[in-house]
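First the proteins, then the strands, lettered A, B, ... as listed; each starts at 1.
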Amino acid sequence: DARVTQTPRHKVTEMGQEVTMRCQPILGHNTVFWYRQTMMQGLELLAYFRNRAPLDDSGMPKDRFSAEMPDATLATLKIQPSEPRDSAVYFCASASGGNQPQHFGDGTRLSIL
Amino acid sequence: AQKVTQAQTEISVVEKEDVTLDCVYETRDTTYYLFWYKQPPSGELVFLIRRNSFDEQNEISGRYSWNFQKSTSSFNFTITASQVVDSAVYFCALSEAMNTGRRALTFGSGTRLQVQP
């Protein structure tokens with residue numbers, strides 16, 4: 001089965017460090033999403049792309065977060081500088097377009113000390 | 001703004017019992033999609049079903065069934081003869097199709113299902 005691949009699976013780092021999370025969407029999927037899951041806020045959208053163009057990043061703190069798709073096989077989410085409140089599980093999902101089901105990666109569990 | 005409410009925070013049942021997970025949604029769109037996802041203890045999110053707002057037929061897949069009622073804005077999920085492997089957090093989600101053009105999912109807060117042996 002085709003899967004969304006996220007790296008790293010776990011990341012522990014100190015406050016102030018740069019964090020980069022990567023996502024390889026399912027081949028042929030043209031829509032990519034980044035979500036964050038926390039106990040307090042649940043699952044919330046950070047950003048999403050269609051055909052590599054950003055369509056919505058209203059859920060993302062602009063001062064420290066950035067999301068890009070350098071090519072169709074790679075999406076990145078960066079945090080610089082990181083803060084303890086950024087600790088969460090970050091999920092990437094991809095879809096073949098429109099309102100097709102989104103298929104999620106296993107997530108990156110991020111801990112900022 | 002769209003909203004998904006899963007009022008049941010946690011449900012505990014004994015194996016072989018039937019269980020229904022409730023989902024109520026709010027949207028201004030006439031065209032929208034509803035989804036259910038399962039998050040087992042291992043943490044991944046597994047797609048279960050997608051429903052569009054024009055299709056109110058109930059759906060059954062093995063021990064899983066879904067009841068979509070537009071009149072009450074509900075999309076409930078029933079597991080028949082529950083098994084320990086069904087233990088997970090289940091999320092209901094909504095995606096609007098037309099007005100906002102937004103395709104991202106708005107998730108409910110999830111219902112944690114514990115199936116005891």
Side-chain angles (χ1 to χ4, degrees), chain A residues 1-6 8-11 23 25-26 29-51 53-60 67 75 88-111, chain B residues 1-10 23 25 27 29-55 59 61 66 68 75 88-112:
Chain A
D1 281 344
R3 293 177 60 86
V4 174
T5 304
Q6 287 186 249
R9 290 294 312 279
H10 303 273
K11 175 77 175 179
C23 168
I26 292 172
H29 282 191
N30 68 345
T31 311
V32 175
F33 304 82
W34 284 103
Y35 292 92
R36 177 170 62 184
Q37 185 176 32
T38 61
M39 290 295 293
M40 293 300 294
Q41 301 295 329
L43 276 157
E44 52 184 352
L45 175 74
L46 294 175
Y48 87 95
F49 296 79
R50 180 171 301 144
N51 297 323
L55 290 191
D56 185 349
D57 61 2
S58 57
M60 209 164 62
V89 181
Y90 290 81
F91 285 102
C92 175
S94 71
S96 57
N99 281 290
Q100 296 302 312
Q102 294 177 26
H103 295 273
F104 285 75
D106 290 338
T108 294
R109 185 173 295 276
L110 178 64
S111 295
Chain B
Q2 54 189 9
K3 184 179 176 182
V4 177
T5 301
Q6 294 181 255
Q8 304 151 308
T9 305
E10 187 161 346
C23 172
Y25 61 91
T27 177
D29 269 350
T30 54
T31 302
Y32 50 88
Y33 290 80
L34 295 162
F35 302 79
W36 277 94
Y37 282 85
K38 174 182 179 179
Q39 188 172 40
S42 49
E44 71 272 25
L45 282 158
V46 179
F47 165 74
L48 296 178
I49 189 172
R50 180 188 70 151
R51 212 57 169 156
N52 78 52
S53 52
F54 294 111
D55 183 359
E59 181 150 344
S61 176
W66 290 269
F68 176 30
F75 185 43
V89 180
Y90 290 87
F91 291 95
C92 181
L94 167 70
S95 170
E96 290 176 340
M98 296 295 287
N99 291 355
T100 63
R102 204 167 185 263
R103 298 292 186 265
L105 296 171
T106 297
F107 284 90
S109 55
T111 297
R112 181 178 300 276

Atom pair CD (A:Gln100) and CZ (B:Phe47), whose distance is rounded to the nearest 0.5 Å: 9.0 Å
Euclidean distance, A:Met39 CE relative to B:Ser109 OG, rounded to 0.5 Å: 11.0 Å
Heavy-atom pair of closest approach, residues B:Glu44 and A:Phe91: CA-CE2, 4.5 Å
CZ/B:Arg50: more than 12 non-hydrogen atoms of other groups inside 6.0 Å: yes
CZ/A:Arg3: more than 12 non-hydrogen atoms of other groups inside 6.0 Å: no
Atom group of A:Gln37 that falls short of 4.5 Å from chain B, counting heavy atoms: side chain
Side chain to side chain contact (heavy atoms under 4.5 Å, CB included) between A:Tyr35 and B:Leu105, worked out: CA-CA 9 Å; A:Tyr35 292 92; B:Leu105 296 171; 3.4 Å; yes
Largest heavy-atom contact set with chain A, pairs under 4.5 Å, which of B:Val46, B:Ile49, B:Asn52, B:Leu45: B:Leu45
Donor-acceptor under 3.5 Å (B:Tyr37 side chain, A:Phe104 main chain): no
A:Lys11 atom NZ: more than 12 heavy-atom contacts under 6.0 Å: no
